[in-house]
Amino acid sequence: MTEGRCPVSHAESAAPHRLDASGARQHAVNEELRARGAAVPVLLPGDVPAYAITRYEELKDFVTHPDVAKNACHFAALQNDELPPGWPMRTFATVRGMITADGEDHKRLRSLVTRAFTPRRVEALRPVVHELTATLLDRLAGAAAADPDGVADLRRHFALPLPMSVICRLLGVDDVHQDRLHELSNEIVSTRTAPERVPAANREMVAVLGQVAAARLKDPGDDLTSALIAARDVRDGAETGDRLSEEELIGTLMLTIIAGHETTLNLITNAVRALCNHRDQLELIRSGTATWGDAVEETLRYDGPVSYFPFRYPTKDLPVGDAVIPKGTPVLVSYTAAGRDERAYGPDADRFDITRSARHLSFGHGAHFCLGAPLARMEAVIALEALFTRFPGLDLAVPDEELVPHPSFVGNSPQRLPIRLGSRPGVAHSG
């Protein structure tokens with residue numbers, strides 16, 4: 001980024017691109033937008049003007065720029081009451097937590113969460129992930145056996161319940177709430193949610209998480225919710241007495257539920273899809289040339305679980321590439337577009353290659369780097385190794401081009417992943 005106003009480019013003067021709420025053609029759209037510039041004007045649902053950052057280096061610079069904020073007090077259209085009623089993306093801007101905080105407020109919130117969400121707590125989940133994976137592989141086999149064509153939806157029977165069960169176990173959420181929390185999470189992250197459902201889904205999510213918090217306050221356990229309730233901020237080696245407010249606690253739980261399962265669900269689904277479509281890469285792992293961790297990292301680059309992530313706001317008119325983003329404009333950063341930027345990865349950026357140096361931005365960059373990255377990586381590696389060890393002949397049951405995207409330009413994954421398990425079942429990996 002350079003100081004001063006840049007010349008107006010084609011990307012800035014051309015008509016804004018209307019982001020498709022159905023999530024269709026995401027990688028093709030990414031390629032078109034990268035060609036237009038590093039920062040491209042787009043239209044969000046309800047014709048709300050925004051910008052998208054599409055290139056790797058500019059995205060890295062933008063998310064760490066001192067004149068870029070996360071707090072929605074900088075969102076001009078929201079502050080001026082110019083958003084349509086029931087706007088489906090309002091929660092991304094208004095939820096109270098680390099994701100919408102800046103400066104000292106962000107440091108305070110992140111410190112409180114970090115004190116509760118420790119590496120020890122994540123590592124303690126490893127045997128839980130192995131146990132759940134083995135159980136779900138049995139259920140996946142049962143679903144395939146019950147189908148006349150031997151087809152099962154890997155997303156529904158494996159990729160979804162694994163991270164959802166893990167994140168609920170982490171938070172101390174009772175099993176009775178899991179299915180409903182996933183349904184509400186889906187409504188909140190979908191960019192096609194009907195206007196009347198947006199406030200209703202948010203209210204219900206807050207109500208359910210309020211029940212969870214009240215239960216853990218009354219009967220604390222060895223879970224993240226109890227730890228978040230008990231957490232106190234520490235400055236200069238001494239407790240300040242500061243803690244999460246009720247609103248901050250509920251917002252943190254909401255973000256943890258959504259980010260903790262939706263993204264890992266997409267990551268596992270996309271990794272299985274990529275490995276099925278690139279059997280040569282799968283053989284590299286089986287021969288010991290590459291690892292399951294390599295496959296996870298390359299999936300995060302090649303077909304990341306999050307595409308256009310909302311929101312950041314320039315606090316003044318900000319040059320990005322050849323464009324100038326006006327102060328107060330909502331900006332989405334496109335991790336999937338940056339992941340295939342030829343300027344960063346060379347002319348074969350569209351190729352799935354688990355032996356490449358897999359640097360990527362899918363977990364963010366800078367102060368807002370995802371705290372859940374170690375857990376997501378652990379779950380994905382365990383899931384993929386166990387899945388392809390037990391079912392070495394697993395493959396897609398439909399041509400790849402027939403897969404329908406999940407209805408959102410925020411998340412990136414097919415709605416279903418129909419698979420056949422093959423005729424050579426092996427022995428489940430025990431870890």
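Everything quoted here is computed from the prediction, not taken from an experiment.
The shortest side-chain heavy-atom distance between Ile99 and Phe311 does not fall under the 4.5 Å cut-off. Two residues are said to be in side-chain contact when any heavy atoms from C-beta on lie closer than 4.5 Å; His74 and Lys327 fail this criterion. Gln178 has its side chain within reach of Ser165: a pair of non-hydrogen atoms, C-beta onward, lies under 4.5 Å apart. Counting heavy atoms from C-beta on, the side chains of Tyr51 and Val42 never come closer than 4.5 Å. Here the side chains of Arg90 and Leu83 are in contact, with some heavy-atom distance below 4.5 Å. Residues Leu171 and Leu253 have side chains in contact (heavy-atom distance under 4.5 Å, counting atoms from C-beta outward). With contacts defined as side-chain heavy-atom distances shorter than 4.5 Å, the pair Phe388/Val272 qualifies. Residues Leu136 and His157 are not in side-chain contact: their nearest non-hydrogen atoms beyond the backbone lie 4.5 Å or more apart.
Distance alone, capped at 3.5 Å, is enough to place a donor-acceptor pair between the Thr269 side chain and the Leu265 backbone. Although no hydrogens or angles enter the test, the distance criterion places no donor-acceptor pair under 3.5 Å between the side chain of Arg169 and the main chain of Val129. Not a single donor-acceptor pair under 3.5 Å links the side chain of Thr264 to the backbone N or O of Ala376. When atom types are taken as modelled, the side chain of Thr118 and the backbone of Thr114 share no donor-acceptor pair closer than 3.5 angstrom. Distance alone, capped at 3.5 Å, places no donor-acceptor pair between the His65 side chain and the Asp61 backbone. Checked by atom type and distance alone, the side chain of Thr54 pairs as donor or acceptor with a backbone atom of Gly37 at under 3.5 Å.
The shortest non-hydrogen separation linking Ala380 to Val296 is CB-CG2, 3.7 Å. Among all heavy-atom pairs drawn from Pro45 and Met89, the shortest one is CD-SD, 3.9 Å. Here the closest non-hydrogen pair linking Thr329 and Pro314 is O-CD, 3.2 Å.
In this structure, Ile167 CD1 and Leu125 CG are separated by 8.0 Å, a value rounded to the nearest 0.5 Å. Remark: Asp105 CG to Glu248 CD distance equals 6.5 Å, nearest 0.5 Å. Rounded to the nearest 0.5 Å, atoms NE2 (His177) and CD (Gln211) are 5.0 Å apart.
Looking at residues two or more places apart in sequence or on another chain, you find a side-chain contact (heavy atoms from CB on, under 4.5 Å) between Arg126 and Glu123, His130, Met378, Ile382. For the ring-ring contact (aromatic ring centres under 6.0 Å, His included) test, no residue two or more places apart in sequence or in another chain qualifies with Phe92. For Glu82, the side-chain contact (heavy atoms from CB on, under 4.5 Å) test picks out Ala77, Asn80, with sequence neighbours left out. A search for side-chain contact (heavy atoms from CB on, under 4.5 Å) contacts involving Asp294 returns Ala290, Thr291, Ile354, not counting sequence neighbours. Among residues two or more places apart in sequence or in another chain, the ring-ring contact (aromatic ring centres under 6.0 Å, His included) test is passed with Tyr313 by Phe75. Asp81 is linked by a side chain to side chain donor-acceptor pair (under 3.5 Å) to nothing, counting only residues two or more places apart in sequence or in another chain. With sequence neighbours excluded, the residues that form a ring-ring contact (aromatic ring centres under 6.0 Å, His included) with Tyr345 are Tyr56.
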Atom pairs and distances, donor-acceptor, side-chain atoms in residues 330-339, under 3.5 Å, two or more places apart:
| from | atom 1 | to | atom 2 | distance (Å) |
| --- | --- | --- | --- | --- |
| Ser334 | OG | Ala337 | N | 3.1 |
| Thr336 | OG1 | Asn30 | ND2 | 3.0 |
| Thr336 | OG1 | Ser307 | OG | 2.6 |

Name each donor-acceptor pair under 3.5 Å that joins a side chain in residues 364-375 to protein atoms two or more places apart or in another chain, with its distance.
| from | atom 1 | to | atom 2 | distance (Å) |
| --- | --- | --- | --- | --- |
| His368 | ND1 | His106 | NE2 | 3.4 |
| His368 | NE2 | Ala101 | O | 3.4 |

Ignoring hydrogens and angles, write down the donor-acceptor pairs under 3.5 Å from the side chains of residues 408-416, residues two or more places apart or on other chains.
| from | atom 1 | to | atom 2 | distance (Å) |
| --- | --- | --- | --- | --- |
| Ser408 | OG | Val189 | O | 3.2 |
| Ser408 | OG | Val410 | N | 2.9 |
| Ser408 | OG | Gly411 | N | 3.3 |
| Asn412 | ND2 | Asp303 | OD1 | 2.7 |
| Asn412 | ND2 | Gly304 | O | 2.7 |
| Ser413 | OG | Arg155 | NH1 | 2.9 |
| Ser413 | OG | Asn270 | OD1 | 3.1 |
| Gln415 | NE2 | Pro405 | O | 3.3 |

Assess the residue pair Leu181 and Met164 against the criterion (side chain to side chain contact (heavy atoms under 4.5 Å, CB included)); give the C-alpha distance rounded to whole Å, side-chain angles, the decisive distance to 0.1 Å, and a yes or no. CA-CA 9 Å; Leu181 284 173; Met164 190 67 196; 3.7 Å; yes

Run the numbers on Tyr308 and Val29 for side chain to side chain contact (heavy atoms under 4.5 Å, CB included), then give the verdict. CA-CA 11 Å; Tyr308 289 82; Val29 168; 4.1 Å; yes

Using salt bridge (Lys or Arg N to Asp or Glu O under 4.0 Å), reason through Arg121 and Asp223 one step at a time and then give a plain yes or no. CA-CA 8 Å; Arg121 190 178 296 280; Asp223 56 76; over 6 Å; no

Val151 vs Ile419, test: side chain to side chain contact (heavy atoms under 4.5 Å, CB included). Steps then yes/no. CA-CA 6 Å; Val151 175; Ile419 50 95; over 6 Å; no

Do Cys276 and Leu394 pass the side chain to side chain contact (heavy atoms under 4.5 Å, CB included) test, and can you show the C-alpha distance, the side-chain angles, and the key distance before you say yes or no? CA-CA 8 Å; Cys276 286; Leu394 183 147; 3.5 Å; yes

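With 3.5 Å as the limit, one finds a donor-acceptor pair spanning the side chains of Asn277 and Asp400. Checking Thr100 against Asn71 by side-chain atom types alone, no donor-acceptor pair falls below 3.5 Å.
Applying the salt bridge (Lys or Arg N to Asp or Glu O under 4.0 Å) test to residues at least two apart or on different chains, the pairs with a partner in residues 364-379 are Glu297-Arg377. Under the ring-ring contact (aromatic ring centres under 6.0 Å, His included) criterion, the residue pairs touching residues 251-271 are His182-His261, with sequence neighbours excluded.
Of the residues Arg340, Arg356, Arg351, the one that meets the salt bridge (Lys or Arg N to Asp or Glu O under 4.0 Å) test with Glu298 is Arg356.
Here Asp149 does not pair with Arg420 in a salt bridge; the nearest charged N to carboxylate O distance is not below 4.0 Å. Salt bridge annotation for Arg279-Asp395: present, with a cationic side-chain nitrogen under 4.0 angstrom from a carboxylate oxygen. Under the 4.0 Å criterion applied to side-chain N and carboxylate O atoms, Lys316 and Asp67 are assigned as salt-bridge partners. The pair Asp20-Arg25 fails the salt-bridge criterion, with no side-chain N (NZ, NE, NH1 or NH2) lying under 4.0 Å from an Asp/Glu carboxylate O.
The number of heavy atoms from other shown groups lying within 6.0 Å of CZ (Arg180) is above 12. Residue Glu31 qualifies as open at atom CD: its count of foreign heavy atoms under 6.0 Å is 12 or below. Around CZ of Arg139, the count of heavy atoms belonging to other residues, nucleotides or ligands within 6.0 Å does not exceed 12.
Note: His278 and Phe352 have tilted aromatic rings, judged against thresholds of 30 and 60 degrees for the angle between ring planes.
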